[in-house]
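These notes concern the structure reproduced below.
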2 protein chains.
Amino acid sequence: MKKKRPTLQDIADRVGATKMTVSRCLRTPESVSEGLRERIFSVAESIGYIPNRAPDLLSRATSRSIGVLVPSLTNQVFADVIVGIEALTEPAGYHLMLAHYGYSPELEERSLASLLSYNVDGVILSDHHHTPRSLRMLETAGIPVVEIMDTYQAPLQQAVGYDNVRAAFDMVSEMIRLGRRRVIYLGVRLDERTRQREQGYRQAMEAHGLTPVALHSRQRSSYSVGAALLKQILNDYPDTDAIFCTNDDVAVGAYFECQRQGMDVPDRMAIAGFHGHDVGQAMTPRLASVITPRQAIGEAAAKMLLATLQGETTNERVLDLGYRIECGGTL
Amino acid sequence: MKKKRPTLQDIADRVGATKMTVSRCLRTPESVSEGLRERIFSVAESIGYIPNRAPDLLSRATSRSIGVLVPSLTNQVFADVIVGIEALTEPAGYHLMLAHYGYSPELEERSLASLLSYNVDGVILSDHHHTPRSLRMLETAGIPVVEIMDTYQAPLQQAVGYDNVRAAFDMVSEMIRLGRRRVIYLGVRLDERTRQREQGYRQAMEAHGLTPVALHSRQRSSYSVGAALLKQILNDYPDTDAIFCTNDDVAVGAYFECQRQGMDVPDRMAIAGFHGHDVGQAMTPRLASVITPRQAIGEAAAKMLLATLQGETTNERVLDLGYRIECGGTL
DNA sequence: ACCGGCCCTGTTACCGGTAACATCATGTAA
DNA sequence: TTACATGATGTTACCGGTAACAGGGCCGGT
């Protein structure tokens with residue numbers, strides 16, 4: 001027996017006008033006579049009117065909302081990206097609809113369907129790989145799409161990010177330049193970007209005639225996993241002199257394990273991570289890492305999407321925001 | 001000139017039936033004759049029909065979605081909570097609408113209005129303090145509300161969490177029991193829970209006749225801030241023998257600074273954090289911390305909300321999921 | 001043969017805003 | 001005074017599903 005929430009009609013009844021007039025008053029107050037306007041606002045306030053987007057959703061198939069699909073919310077990287085996106089969409093009056101899919105394309109498909117069923121005006125996607133069905137849906141929905149985090153592959157429409165392969169290549173090359181020869185790659189999960197970084201790592205190793213060795217954990221990324229992987233290295237490849245980790249969590253976890261083993265970093269073991277998160281930058285020695293412009297990526301993606309929604313057309317399809325190699329004290 | 005996305009009518013036209021029949025077929029396939037059913041599904045597939053929730057939103061003021069308001073997404077704590085919530089809402093067919101408000105009640109109000117304008121069926125809130133307008137909106141919306149993270153204050157309807165004051169009290173008492181006398185509290189930002197932990201800290205100190213000292217940073221929580229605060233302590237209160245930090249980031253940051261200063265932990269300085277995140281648990285010495293059941297809180301909140309939405313009534317208003325004091329190696 | 005019921009499908013109306021158009025009063029220039 | 005612009009408000013229809021009700025064909029039992 002919950003009471004229905006107030007509508008424009010309820011306001012109209014109380015001030016003796018039609019809901020059309022009330023609608024006008026709330027949208028363009030100056031188009032309504034002063035006395036009426038004041039009464040309408042006062043009644044709206046007193047009965048606690050809350051705008052209702054449902055009719056808009058229905059009649060104009062527009063929701064003033066943007067769907068954002070990220071693989072994981074617990075991954076700090078995407079939290080930063082989202083902050084960047086919202087910094088632009090919120091002032092523009094767009095509501096963000098977030099969904100995460102745990103790195104599974106099937107779940108991405110379901111989440112996408114859910115977002116589209118709410119008539120989102122545009123979507124931001126975090127992976128390049130989508131199911132055929134997802135692609136179909138995006139096509140029939142006919143809304144703007146921006147893909148983020150990677151510039152390596154051809155985008156559906158537009159993309160913002162950096163080149164994961166090249167970033168990994170550069171970091172590993174730097175390690176080799178500094179004299180490391182037995183560099184191992186540490187990965188977790190098997191998402192796209194982890195594979196791309198591995199690819200860059202392999203290219204760098206092979207370019208210098210070195211043999212690439214990659215270790216993976218199937219668990220989700222964590223400090224503990226980094227520690228466990230380092231133990232495995234000491235066991236299986238005891239003469240390793242450097243590790244390049246797919247992210248900072250793993251790198252810092254591995255560093256903790258080095259400490260426990262009394263293994264000097266970087267003399268005996270060099271360590272590099274990816275993304276340049278605060279943990280690594282706050283510890284001593286400072287963690288070597290590829291610093292990525294996560295928040296800027298979010299902002300740029302939102303900017304692109306909003307521009308397209310406002311009808312602007314551009315022929316710039318891919319925006320590369322680059323990265324920075326931070327050597328820190330662990331190389 | 002974007003093409004309209006397919007509707008039930010489009011399917012109906014192609015199979016020579018009415019949209020009502022198509023609607024029935026998609027919802028309860030067995031209520032439609034076999035031949036028609038097959039044609040409908042095949043056409044739906046071929047034109048790429050995507051369900052549209054807008055009409056439901058409008059005609060039944062229900063969206064099968066739940067609004068979740070968290071202060072921050074970059075705060076790992078809430079990422080965990082969200083994972084817990086979604087673990088229950090997703091299988092139940094509810095879509096999560098996330099919004100964050102940066103610890104500002106005014107922004108919370110705006111976010112809440114936005115969620116309500118999409119006719120969410122229920123909301124989960126992360127703070128106890130709301131603007132009068134927010135309270136009004138919740139009341140007129142007439143939807144179930146669950147507040148999370150704290151059991152200290154009387155809930156609007158229902159609440160799930162743990163007692164921040166008591167948790168802090170217990171941790172600080174433990175530090176004192178182990179011989180610490182000049183324990184300082186390190187806080188960041190001034191959100192509710194930080195203040196509650198400070199309150200628990202003060203109670204513990206005063207219960208033992210000790211003088212409480214609290215230091216705050218106005219910056220958002222980070223490892224760097226923890227390090228900076230520790231430096232400040234060494235300068236202003238050089239004989240401090242323990243710090244209790246409002247969260248693990250600050251605690252670990254402070255620990256890094258102790259390392260840099262060559263200050264032994266825990267002999268010279270004991271350190272305790274809050275939440276029991278993986279960083280602290282993976283490092284050596286393991287960080288003392290109050291381990292909170294974040295994911296379980298999310299799950300319990302979702303369970304409560306779903307139960308209420310299914311019409312169940314309960315007189316259990318507050319669910320306390322407790323916490324655990326982990327002494328680690330830093331006390 | 002007739003009736004009742006079942007199964008399948010169709011018809012109508014509705015949800016709550018707002019675009020588009022209609023109406024009406026007042027003002028103002030010719 | 002007439003004609004027409006201007007401003008304020010009302011009327012109608014629509015968006016896309018689905019609840020509720022209305023047929024109509026067919027079957028079996030009497």
Side-chain angles (χ1 to χ4, degrees), chain A residues 2-40 44 47-65 113-114 116-121 140-142, chain B residues 2-40 44 47-65 113-114 116-121 140-142:
Chain A
K2 65 191 250 188
K3 55 177 177 309
K4 207 175 55 64
R5 74 184 224 188
T7 67
L8 291 187
Q9 187 64 59
D10 297 326
I11 300 176
D13 292 347
R14 279 176 180 69
V15 301
T18 60
K19 58 176 181 165
M20 188 65 236
T21 305
V22 178
S23 167
R24 264 193 286 257
C25 180
L26 297 185
R27 295 169 61 83
T28 47
E30 66 281 8
S31 69
V32 168
S33 64
E34 196 185 330
L36 190 51
R37 186 194 317 158
E38 278 166 15
R39 273 159 54 225
I40 287 175
I47 67 173
Y49 175 73
I50 305 168
N52 186 353
R53 284 200 220 230
D56 246 55
L57 259 183
L58 180 55
S59 62
R60 296 193 295 175
T62 189
S63 55
R64 288 198 80 73
S65 69
S114 183
L116 292 177
S117 77
Y118 286 104
N119 284 334
V120 291
D121 299 345
T140 58
Chain B
K2 65 191 248 187
K3 55 179 179 303
K4 207 176 54 65
R5 73 186 224 187
T7 67
L8 291 188
Q9 187 64 58
D10 297 326
I11 301 177
D13 292 346
R14 279 175 181 69
V15 302
T18 59
K19 59 176 180 165
M20 187 66 236
T21 304
V22 178
S23 167
R24 262 191 289 256
C25 181
L26 297 184
R27 296 170 63 82
T28 47
E30 66 282 6
S31 70
V32 168
S33 64
E34 197 185 327
L36 191 51
R37 185 193 320 156
E38 280 166 14
R39 271 160 55 226
I40 288 175
I47 67 172
Y49 175 73
I50 305 168
N52 186 353
R53 284 200 220 231
D56 247 55
L57 259 182
L58 179 54
S59 62
R60 297 191 294 178
T62 187
S63 56
R64 287 198 82 71
S65 70
S114 182
L116 293 176
S117 77
Y118 287 104
N119 284 335
V120 291
D121 298 346
T140 58

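All figures in this text were calculated on a predicted structure; none of them were measured in a lab. Chain letters run A, B, ... following the sequence lines, proteins first, then strands; residues in each count from 1.
- A:D121 places a side-chain N or O within donor-acceptor distance of the main-chain N or O of A:S63, the cut-off being under 3.5 Å.
- Within a heavy-atom distance below 4.0 Å of DNA chain C, the residues of residues 23-38 of chain A found are A:S23, A:R27.
- Under the 4.5 Å side-chain criterion, counting only non-hydrogen atoms from C-beta, B:V32 is in contact with B:T21.
- Annotation for B:A141 and B:L116: closest pair CB-CD2, 3.9 Å, computed over non-hydrogen atoms.
- Every residue was checked against the side-chain hydrogen bond (donor to acceptor under 3.5 Å, both in side chains) condition with A:S33, not counting sequence neighbours, and none meets it.
- In this structure A:E34 satisfies the side chain to side chain contact (heavy atoms under 4.5 Å, CB included) test together with A:R37, A:E38, sequence neighbours excluded.
- Every residue two or more places apart in sequence or in another chain that forms a side chain to side chain contact (heavy atoms under 4.5 Å, CB included) with A:S23 is listed here: A:L8, A:M20, A:R27.
- Taking 4.5 Å as the limit, every side-chain heavy atom of B:L57 sits out of range of all side-chain heavy atoms of A:L58.
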(request) Using Watson-Crick or G-U wobble pairs with both distances under 3.5 Å, give me DNA chain D in dot-bracket, 5' to 3', with [ ] for crossers and | for pairs to another strand. (result) ||||||||||||||||||||||||||||||
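- Annotation: side chain to side chain contact (heavy atoms under 4.5 Å, CB included) contacts of A:P51 (sequence neighbours excluded): A:Y49.
- Applying the side-chain hydrogen bond (donor to acceptor under 3.5 Å, both in side chains) criterion to B:Q9, with sequence neighbours excluded, gives B:D13.
- For residues 50-64 of chain B, the pairs satisfying salt bridge (charged side-chain N to carboxylate O under 4.0 Å, His left out) are B:D56-B:R60, with sequence neighbours left out.
- Side-chain atoms of B:P6 and B:I50, non-hydrogen and from C-beta on, never get closer than 4.5 Å to each other.
- Of the residues in residues 7-17 of chain A, those placing a heavy atom less than 4.0 Å from an atom of DNA chain D are A:A17, in numerical order.
- In this structure, A:I47 and A:I11 have side chains that are in contact, with non-hydrogen atoms separated by less than 4.5 Å.
- On the nucleic acid side, DNA chain C has its first and last nucleotide under 4.0 Å of a heavy atom of chain B at C:dC8 to C:dG16, going 5' to 3'.
- The 5' end of DNA chain D is approached more closely, in terms of each residue's nearest nucleotide, by B:P55 than by the other of B:P55 and B:M20.
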